[in-house]
Amino acid sequence: MRSSNELPVIRVLDPDVAARIAAGEVIERPASVVKELIENALDAGATIIQVEAWEGGFALIRVADNGHGIPRDQAPLALARFATSKIQTAEDLGRVRTLGFRGEALPSIAAVARVEILTRTPGETEGTRLIAEEGQCAVHPAASPPGTVVTVRDLFYNTPARRRFLKSPFREAERIRETVYRYALGYPQVAFRLIIDGREVLMTPPGTLLERAAIIWGREVADELIPVSWEAADLHIHGLISRPTLGRASRAFQNFYVNGRPVRSGLLAVALERPYAGRLPAGRYPLAILHIELPPSFVDVNVHPQKAEVRFSQERSVYWGVSQAVQTALASFPYPEGLPTLWPVEEPPPMRRLGEPTMEYSRPPRWRALGQLLQSYILAQSEEGLIVVDQHAAHEQVIFEQLWSGSHSTSLPSPAVLAFSPREAEQLEMELETLRSLGVDIEPFGGNTFVVRALPAPLASVSVHILLNAVLEEIPALRRGGGDPRERIAMRLACAAAVKAGDRLSPEEMQALLDALFEAWSPSTCPHGRPAWFLLSREEIERRFLRR
Ligand code: ADP
Ligand code: MG
């Protein structure tokens, strides 16, 4: 049954669907509440969103929107676990277009705070007030403008340990501001207002992306932004990036949205930064507001508790697309030679006026190596349970990324001279440029011989002979037209240099590999797309021992 005006209907998900989306901790801190409530407002089609926070959000968070509201008869369901109007079946997970889909946010908030929802749909003459406190839920008729106002009081009042663990209200207020800015930059067509401790911090009418950037980042910065618009097959990339005349000391000003969802992604950061290589001084990062639109079936949105990360099924084509899009935008922009000395070291004043958001890429605590299994897998402990790492796949990915992003070269103790058959020599000759771009210092040495003087650091301990033979094995496939030569050769070199199944590793080596994997941009797979690790969760372990 559809309710009035074809509004979406909230339903409790079937247990098997719910089991597939169970996420873990949704509400970590006050900013997570703000994020979830803004997402709900956007999903409800709001064009005006007002956020208010007191005492870092611990005392009060209120998000008001003019979206489609919640019909009275459905209001209690909004607070039920796994109750959502956004998906119904497991298949729907592959076509999520909304920001929410798990039906977990409101109940998770209600579990750690006192929640009040005031709402009215356009078709109702009277609104609804819903009060959820200490596991009880009450529904009353109430006067309400169309839309929804969610008020969250006394956050973490019943979990004092969590409250103590969090930073000062001041720091949490900063995070709330970063969160609101991020959505405001992603949704310029929506008006945002942010009030912190009674002070208006942000007020933006609907506008263009450039106007929005000017409000949030300042006019001087906005003047240095150039548009990106790029399309290939199913992939559409658009937004704004900074000219190479402007860089920031951190990646905090890089905003990526995948189908409208703000995501953190090292992969996208690298793809963005690659075309700037040589244009921006080291240690400076471009600014960006980049939307990546692709069919929802190509994106797995169900991988992160706070939905801050996604997984692409075509990771490399997304990477490539973003780099192409940025490259194209930069190419159309002439930049004078020798500019690096003119880069402003000082941040322009408008940014300071609004304060410097410092969004770090927070990573969970690292994995601890426990031991090796069958001399092929590393067993590690994480916060969530037992991690089983395929040592070869993991090492391959780590080395591949280092090669790909250009690691420094190490000179060999003495140059290696290698002889090949005429045919091999001819093949190798054609890939010399690619090899050099990866950090292999190689030159023809007369006849069918080559001299290698230096290797990229991650390959330094491997025999030159093994490496070049690996390259030669890759060449026939390359000739048949298989992909980007630099990528293919880097993959092959990484494979040759990576530890193998059967190699015994010391505890230090295991830990070093885990740490490196942890820092990788794309740690979940090897370059060929095979998984590099899996998690045996605490829940699953407990289930097997019938403790659950
Ligand atoms: P999800 O967003 O994953 O569906 P939530 O717990 O965040 O789960 O919200 C549950 C349901 O409550 C949503 O599916 C939606 O139907 C309704 N809802 C929540 N917030 C709003 C809002 N601001 N406006 C309209 N409906 C809302
Ligand atoms: Mg939601």
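All ligand and atom numbering here is 1-based and tracks the order in the structure. Along the sequence shown, residues carry numbers from 1.
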message: Below 4.0 Å from ligand 1: does a non-hydrogen atom of E36 turn up there or not?
response: no
message: Tell me if a side-chain donor or acceptor on D197 pairs with a main-chain N or O of E55 at a distance below 3.5 Å.
response: yes
query: Does I10 come within less than 4.0 angstrom of ligand 1, counting non-hydrogen atoms of the residue?
result: yes
- request: Record the part of T148 in heavy-atom contact with ligand 1 below 4.0 Å; permitted values are side chain, backbone, both and neither.
  value: side chain
query: Between Y187 and Y183, what is the ring plane arrangement, given parallel below 30°, perpendicular above 60°, and tilted in between?
result: parallel
- prompt: Would you say N40 reaches the Mg ion (ligand 2) with an N/O/S atom under 2.8 Å?
  reply: yes
message: Any atom of ligand 1 sitting under 4.0 Å from a heavy atom of G67?
response: no
- prompt: What atoms of ligand 1 come closer than 4.0 angstrom to any heavy atom of F101?
  reply: 3 (O)
- request: With heavy atoms under 4.0 Å as the rule, classify the contact between A44 and ligand 1 as side chain, backbone, both or neither.
  value: side chain
- prompt: Can any side-chain N or O of D223 pair as donor or acceptor with the backbone N or O of E220 at less than 3.5 Å?
  reply: no
query: Should the pair Y319 and W404 be assigned to parallel (<30°), tilted (30 to 60°) or perpendicular (>60°) ring geometry?
result: perpendicular
query: Nearest protein heavy-atom contact for atom 15 (C) of ligand 1: which residue, which atom, what distance?
result: S85 OG, 3.5 Å
task: Return a yes/no value for G103: is any of its N or O atoms, backbone included, closer than 3.5 angstrom to an N or O of ligand 1?
output: yes
- prompt: So, the side chain of Y276 versus the backbone of S242: is there a donor-acceptor pair under 3.5 Å, distance only?
  reply: yes
- prompt: Numbering the atoms of ligand 1 from 1, which are under 4.0 Å from a heavy atom of H68?
  reply: 25 (C), 26 (N)
- request: Number the atoms of ligand 1 from 1 as they appear, then name those within less than 4.0 Å of a heavy atom of G100, with their elements.
  value: 2 (O), 3 (O)
message: Return the closest protein heavy atom for atom 18 (N) of ligand 1 as residue, atom name and distance.
response: I70 CD1, 3.7 Å
- prompt: Do any heavy atoms of A83 fall under 4.0 Å from ligand 1?
  reply: yes
query: Backbone or side chain, does any N or O of N40 fall under 3.5 Å from an N or O of ligand 1?
result: yes
query: Would you find more than 12 non-hydrogen atoms of other residues, nucleotides or ligands less than 6.0 Å from R114 atom CZ?
result: yes
task: Among all protein heavy atoms, pick out the one at the shortest distance from atom 9 (O) of ligand 1; state its residue, atom name and that distance to 0.1 Å.
output: L106 CD1, 3.7 Å
statement: Note: ligand 1 atoms sitting under 4.0 Å from heavy atoms of R102 are 3 (O)
- prompt: Does atom OH of Y377 have more than 12 heavy-atom neighbours from other groups under 6.0 Å away?
  reply: no
message: Against ligand 1, does P107 come closer than 4.0 Å with any heavy atom?
response: yes
- prompt: Just which atoms of ligand 1 are under 4.0 Å from any heavy atom in A105?
  reply: 6 (O), 7 (O)
query: Given I49, I109, D65, N66, which one has a non-hydrogen atom that is nearest to atom 23 (N) of ligand 1?
result: D65
task: If the plane angle is over 60° it's perpendicular, under 30° parallel, otherwise tilted; pick one for F156 and F58.
output: tilted
task: Using atom types as modelled and distance alone, determine if a side-chain donor or acceptor of R129 lies under 3.5 Å from a backbone N or O of E116.
output: no
- prompt: Quick check: does any side chain N or O of N255 sit under 3.5 Å from a backbone N or O of R182, one acting as donor and the other as acceptor?
  reply: no
- prompt: With a cut-off of 6.0 Å (strictly less than), are more than 12 heavy atoms of other residues, nucleotides or ligands near CD of Q50?
  reply: yes
- prompt: Considering only protein heavy atoms, which is closest to atom 4 (O) of ligand 1, and at what distance to one decimal place?
  reply: T84 OG1, 2.5 Å
message: Within the supplied structure, the quantity of interest is the number of heavy atoms (other residues, nucleotides, ligands) at a distance under 6.0 Å from Q136 CD; does it exceed 12?
response: no
query: Do S144 and R120 have a side chain donor and acceptor closer than 3.5 Å?
result: no
field: For atom 12 (O) of ligand 1, closest protein heavy-atom neighbour
entry: A78 CB, 3.6 Å
query: Are any of the N/O atoms in K86 less than 3.5 Å from those in ligand 1?
result: yes
